[in-house]
Visitor: 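To start, I am sharing the structure in question, which I have written as C-alpha cells.
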Amino acid sequence: MLDRHLIREDPDRVIMGVKSKHVDADVDRIVALDRELLDIMKESEALKHERNVKSEEVGRKKRIGENADELQAHLKDVSNRIKEFEEKDKEISEELDTLLLTLPNLPHKSVPVGKDETANIVTKHWGEVKEPFDGLLPHWDMGEKLGILDLDGGRRVSGRGFVVFRGDGALLCRALLTMMIDIHREQGYEEVWVPFIVSRESMTGTGQLPKLEDDMYHTEVDDLFLIPTAEVPVTNLERDTTLPADRLPIKYTAYTPCFRREAGSHGADTRGLLRVHQFDKVEMVKFVHPDSSYDELESLTKDATDVVEALDLPYRIVELSTGDLSFAAAKCYDIEVYAPGVEKWLEVSSCSNFESFQARRANIRLKKSPGEKYRFVHTLNGSGLALPRIIATILEHHQTPTGRVKIPNRLVPYMNGQDYLG
RNA sequence: GGAGAGAUGCCAGAGUGGUUGAAUGGGGCGGUCUCGAAAACCGUUGAGCGUGCAAGCGCUCCGGGGGUUCGAAUCCCCCUCUCUCCGCCA
C-alpha cells in the first residue's frame with residue numbers, strides 16, 4: 001500500500017512508478033476518489049460537531065426539566081444528513097481501498113530503469129564457473145542415476161511438478177536446511193517455526209493478494225492459503241503491532257515448504273528441479289528502522305551469499321530493473337548460481353526491500369518518540385536459500401568425471417560425515 | 001462440533017444511555033529529596049484523520065461490523081478471537 005499523502009501530493013511520481021513496473025492501475029481515479037473523500041469528510045465533520053454540541057444541550061435541558069422537543073427534531077434531521085454522508089463515504093472508501101490494493105510499490109531511485117530482465121545489472125561475481133566436461137550429466141539424470149531423485153514418484157503421488165527425494169537425497173535436503181538455519185542463527189537471526197497455511201488477511205498483508213490469487217493453492221471451505229514463501233507467515237508475525245525503535249532490527253529466519261501453482265508456466269525451464277509446485281526454503285525476514293533499510297538490504301544479501309559461499313557454488317548478484325521488480329518490492333537483488341549441466345544461471349534467492357509497503361498493509365508501526373510524526377517500519381526479506389535449484393547446482397557443479405558428487409566441506413558434518421554421493 | 005464466560009488505554013482493572021478519551025492501581029517518563037541510589041512525595045503519560053506556519057481547533061476510535069437514540073464503552077443483532085467444560089482426533 002502506498003501512502004495516501006504521497007498519492008495526493010505527488011501523483012505524477014506515482015504514475016511514473018506504476019508505469020515503470022508495467023502495472024495497469026488507474027491513478028487518476030484514485031486521486032479523484034481521495035479528493036472526493038476529503039470533501040465529504042469535511043462536511044460531515046462539521047455536522048457531527050453540531051450534533052455533539054447540541055446533543056449535550058439536550059441533556060442539559062432535560063436535566064433541569066426544560067422542553068427540548070424542537071432541538072431534538074432539528075438534531076434528528078442533522079443525524080439523517082450525517083447518515084447520508086456516511087453512506088457516501090463508505091461507498092467511495094470501498095472503491096478507493098480496492099484500487100489502492102492494486103497499486104504496486106514504487107521502485108527506489110537507485111533501481112535501474114528498464115522494461116524487463118534485459119535491463120538488469122550484474123553487480124558481482126564470485127567463484128569459478130565450471131567448464132562442462134565430457135559426460136557431465138544434467139541434475140535430473142545425475143539424481144536418478146544416484147537414486148536420490150525420483151521424478152516419477154512425485155508425478156505418481158501428486159502430478160507433474162512434484163518431486164520425491166530418496167535416501168541420501170532426502171538426507172541432503174535435511175542437511176542443507178539445517179546448515180542454512182545454523183548459519184543464519186550465527187548471523188543473529190531468531191529461528192521461528194510457523195504455520196504453512198495462512199489466512200486471507202496475511203496474504204493481503206504481504207501483497208500476494210489480491211494480485212496473485214491464481215498462483216496460490218487455496219482451501220475453499222476455510223478460505224485459507226498454502227504459503228508460497230515463508231515471507232508471508234513470518235512478516236505477518238508482527239501484523240498490527242507497534243515496534244519500539246530500540247527493538248529494531250528484528251531478524252527472523254524460518255524453514256518452510258513453499259507451494260506455488262505456477263499457473264501458466266510450462267516448458268523448457270521447468271525440467272527436473274528447475275520449477276516445481278512444492279519446494280523447501282529457508283527464509284530471512286527483517287523488520288528495520290526506515291532510515292537504515294537500504295543498509296539492511298546490503299547485509300541481508302551478504303547473509304544470503306554467505307550460504308552460497310559455504311556450499312562452494314559460483315554465483316552472481318543481479319540488481320533487478322524496474323520492469324523486473326515484483327509488485328511489492330522497492331529494490332531487489334537476485335542471487336543466481338551457475339549450473340553447468342543445464343548451462344544456466346539459476347535464481348536461488350531474492351533479497352528485497354519493501355520499504356513501508358507491506359508494513360502499511362499489515363499495520364506494523366514504528367513507535368514514535370514524542371513530537372515525531374508516525375511512521376511504519378520497513379520490511380525486508382531474502383531467501384537463504386531455496387533448495388531445489390541449489391540441489392540441482394550441487395549435482396552439476398560438484399559432479400566429478402568419475403560420476404560422483406562431492407559434498408561441500410561445510411556440509412559434510414550435516415551429511416553424517418559423508419563427503420561424496422555415489 | 002456442542003455448552004458457558006469474556007474482549008476497555010503499555011499492563012491490571014472500574015465503568016449499564018448525557019462534561020468518560022475514559023476512575024483506580026502498576027509501569028514508563030520528568031521533578032523534589034540524596035554524594036548517588038532506593039523509598040517517599042509531586043507532575044506527566046493512547047492512537048489515527050482533517051485543518052493550521054504554529055499554538056491550537058475539529059472528527060473518529062473502549063475486539064470488528066450493523067442497528068436503536070437528539071445522544072452509546074454503556075441497549076439490540078451478527079461476526080471474529082480468547083478462556084473453561086464436553087465431544088472428536090494426529
Side-chain angles (χ1 to χ4, degrees), chain A residues 1-10 30-98 100-101 193-205 209 219-226 233 236-248 250 257 290 356 359-377:
Chain A
M1 188 102 71
L2 295 179
D3 187 354
R4 265 175 74 187
H5 296 96
L6 174 68
I7 299 168
R8 197 176 299 160
E9 281 149 27
D10 197 355
I30 290 171
V31 170
L33 289 173
D34 175 64
R35 161 129 316 182
E36 202 175 337
L37 216 45
L38 271 186
D39 291 342
I40 288 174
M41 206 179 76
K42 281 175 198 165
E43 289 193 60
S44 130
E45 280 190 3
L47 284 173
K48 283 176 180 171
H49 179 56
E50 184 182 354
R51 181 193 63 190
N52 292 346
V53 171
K54 292 190 175 164
S55 285
E56 214 176 304
E57 201 183 323
V58 171
R60 212 174 311 134
K61 285 190 167 183
K62 291 205 161 177
R63 237 171 297 136
I64 59 172
E66 253 180 62
N67 184 294
D69 288 355
E70 201 178 315
L71 199 51
Q72 280 194 33
H74 171 65
L75 280 174
K76 176 82 181 164
D77 180 54
V78 171
S79 260
N80 285 337
R81 280 200 284 157
I82 290 172
K83 207 165 283 178
E84 279 169 36
F85 274 118
E86 279 181 344
E87 273 162 30
K88 221 151 108 190
D89 181 295
K90 197 181 150 196
E91 194 183 308
I92 294 169
S93 295
E94 270 169 22
E95 188 186 347
L96 182 59
D97 289 346
T98 307
L100 281 174
L101 286 179
W193 194 280
V194 294
F196 304 153
I197 303 178
V198 301
S199 66
R200 182 172 287 275
E201 292 74 52
S202 288
M203 280 295 192
T204 307
L209 291 181
T219 68
E220 284 296 331
V221 277
D222 297 308
D223 197 28
L224 293 172
F225 295 84
L226 274 67
N236 279 284
L237 258 185
E238 302 294 346
R239 194 170 76 218
D240 294 321
T241 59
T242 301
L243 302 170
D246 60 16
R247 263 192 67 202
L248 302 176
I250 293 171
S356 60
R360 187 170 279 110
R361 284 177 166 232
N363 189 29
I364 308 169
R365 290 196 219 154
L366 179 69
K367 174 109 180 141
K368 63 179 187 179
S369 341
E372 248 178 9
K373 191 146 172 56
Y374 95 106
R375 297 164 90 180
F376 291 94
V377 303

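Residue numbers begin at 1 in each chain, while the letters A, B, ... track the order of the sequences. For clarity, every value in this text was computed on a predicted model and none was experimentally measured.
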Visitor: Taking the side chain as every heavy atom from C-beta outward, state whether A:I82 and A:V78 have any pair of such atoms under 4.5 Å apart.
Guide: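 Yes; the side chains approach each other to less than 4.5 Å.
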
Visitor: Give one of base, sugar-phosphate or nothing for A:K62, where a contact means two heavy atoms less than 4.0 Å apart.
Guide: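 A:K62: base contact, heavy atoms under 4.0 Å.
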
Visitor: Which residue, A:R60 or A:H5, contacts RNA chain B at a nucleotide closer to its 5' end, judged by nearest heavy atom?
Guide: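 Whichever sits nearer the 5' end wins; that is A:R60.
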
Visitor: What's the gap between B:A23 and B:U44 when it is taken at their P atoms, as a whole Å value?
Guide: 12 Å

Visitor: Separation of A:D69 atom CG from B:U69 atom C1', in whole Å?
Guide: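 One finds 15 Å between C1' of B:U69 and CG of A:D69, rounded.
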
Visitor: Within the pair A:S79 and B:G71, is there a side-chain N or O less than 4.0 Å away from OP1 or OP2?
Guide: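 A:S79 to B:G71 OP1/OP2: side-chain N or O found under 4.0 Å.
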
Visitor: For the C1' atoms, the ones on B:G26 and on B:A14, what distance do you get once it is rounded to whole angstrom?
Guide: 15 Å

Visitor: Between B:A47 and B:G9, how far apart are the two C1' atoms, rounded to whole Å?
Guide: 10 Å

Visitor: By nearest atom, which of the nucleotides B:G71, B:G48, B:G18 is closest to the A:R51 side chain?
Guide: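 Given the options B:G71, B:G48, B:G18, the side chain of A:R51 is closest to B:G71.
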
Visitor: For B:U60, does either OP1 or OP2 sit under 4.0 Å from a side-chain N or O belonging to A:H49?
Guide: no

Visitor: Hey, does A:I250 have a side-chain heavy atom less than 4.5 Å from the side chain of A:V377?
Guide: no

Visitor: Once you round to the nearest 0.5 Å, how far does CG of A:L2 lie from CZ of A:R361?
Guide: 9.0 Å

Visitor: For B:U19, what is the paired nucleotide under Watson-Crick or G-U wobble rules, both distances under 3.5 Å?
Guide: none

Visitor: Take atom CD of A:E86 and atom C1' of B:C61, then tell me their distance rounded to the nearest Å.
Guide: 13 Å

Visitor: Give none if B:G4 has no partner; otherwise give the nucleotide forming a Watson-Crick or G-U wobble pair with it, both distances under 3.5 Å.
Guide: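 Result: B:C83.
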
Visitor: Give the rounded distance in Å between these two atoms: CG of A:L366 and P of B:A47.
Guide: 13 Å

Visitor: Round to the nearest Å and state the distance from A:L243 atom CG to B:C10 atom P.
Guide: 14 Å

Visitor: Categorize A:R4 for me: base, sugar-phosphate, or nothing, with a 4.0 angstrom heavy-atom threshold over every strand shown.
Guide: nothing

Visitor: Would you check if A:H49 and A:E45 make a side-chain contact, meaning some heavy-atom pair closer than 4.5 Å?
Guide: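 No, side chains not in contact.
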
Visitor: Taking A:T242 for its side chain and A:K367 for its backbone only, find out whether a donor-acceptor pair lies under 3.5 Å.
Guide: no

Visitor: Report the residue (A:M41 or A:R365) whose heavy-atom-nearest nucleotide on RNA chain B is the more 5′ of the two.
Guide: A:R365

Visitor: Which one, B:C70, B:G18, B:G66, comes nearest to the side chain of A:K90?
Guide: B:G66

Visitor: For A:K83, report the nucleic acid contact type (base, sugar-phosphate, nothing); a contact means any heavy atom under 4.0 Å.
Guide: sugar-phosphate

Visitor: Under a 3.5 Å limit for both distances, which nucleotide forms a Watson-Crick or G-U wobble pair with B:A38, could you say?
Guide: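 Answer to the pairing question: none, since B:A38 forms no Watson-Crick or G-U pair.
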
Visitor: B:G58 C1' sits how many Å from A:D39 CG, rounded?
Guide: 17 Å

Visitor: Between B:A73 and B:G6, how far is it from one C1' atom to the other, in whole Å?
Guide: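 Going atom to atom, C1' in each nucleotide, I get 15 Å.
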
Visitor: With C1' as the reference atom in both, quote the distance from B:A37 to B:C53 in angstrom, rounded to an integer.
Guide: 45 Å

Visitor: Between B:C10 and B:C62, how far apart are the two C1' atoms, rounded to whole Å?
Guide: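 Going atom to atom, C1' in each nucleotide, I get 16 Å.
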
Visitor: What's the gap between B:G63 and B:G50 when it is taken at their C1' atoms, as a whole Å value?
Guide: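 Nearest-Å result for B:G63 against B:G50 at atom C1': 26 Å.
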
Visitor: Taking atom P in both B:G67 and B:A72, compute the distance separating them and give it to the nearest angstrom.
Guide: 12 Å

Visitor: Identify the nucleotide, in any strand shown, that forms a Watson-Crick or G-U wobble pair with B:A14, with both distances under 3.5 Å; if there is none, say none.
Guide: none

Visitor: Compare the minimum distances between each of B:U51, B:U60, B:A47 and the side chain of A:K42, then state the nucleotide with the smallest one.
Guide: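 So the side chain of A:K42 is nearest to B:U51.
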
Visitor: Nearest whole angstrom, please: distance from the P of B:C81 to the CG of A:D222.
Guide: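 Atom CG in A:D222 sits about 11 Å away from atom P in B:C81.
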
Visitor: Provide, to the nearest angstrom, the distance between the CG atom belonging to A:D89 and the C1' atom belonging to B:G66.
Guide: 16 Å

Visitor: Record whether the side chain of A:E45 comes under 3.5 Å of the base of B:G58 through a donor-acceptor pair of N or O atoms.
Guide: yes

Visitor: Can you tell me which nucleotide in B:U69, B:G50, B:G48 comes closest to the side chain of A:Y374?
Guide: B:G48

Visitor: Find the distance A:L75:CG to B:C70:C1' and express it as a whole number of Å.
Guide: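 Spelled out: CG on A:L75 to C1' on B:C70 is 5 Å.
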
Visitor: Is there a Watson-Crick or G-U wobble partner for B:G58 with both distances under 3.5 Å, and if so, which one is it?
Guide: B:C49

Visitor: Any side-chain N or O of A:N52 less than 4.0 Å from the OP1 or OP2 oxygen of B:G18?
Guide: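 Result: no.
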
Visitor: Is any side-chain heavy atom of A:P290 closer than 4.5 Å to a side-chain heavy atom of A:L366?
Guide: yes

Visitor: Rounded to the nearest 0.5 Å, what separates atom CG in A:L209 from atom CG in A:L101?
Guide: 9.5 Å

Visitor: Nearest 0.5 Å, please: how far is CD in A:E201 from CG in A:D223?
Guide: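 If we round to the nearest 0.5 Å, A:D223:CG and A:E201:CD are 8.0 Å apart.
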
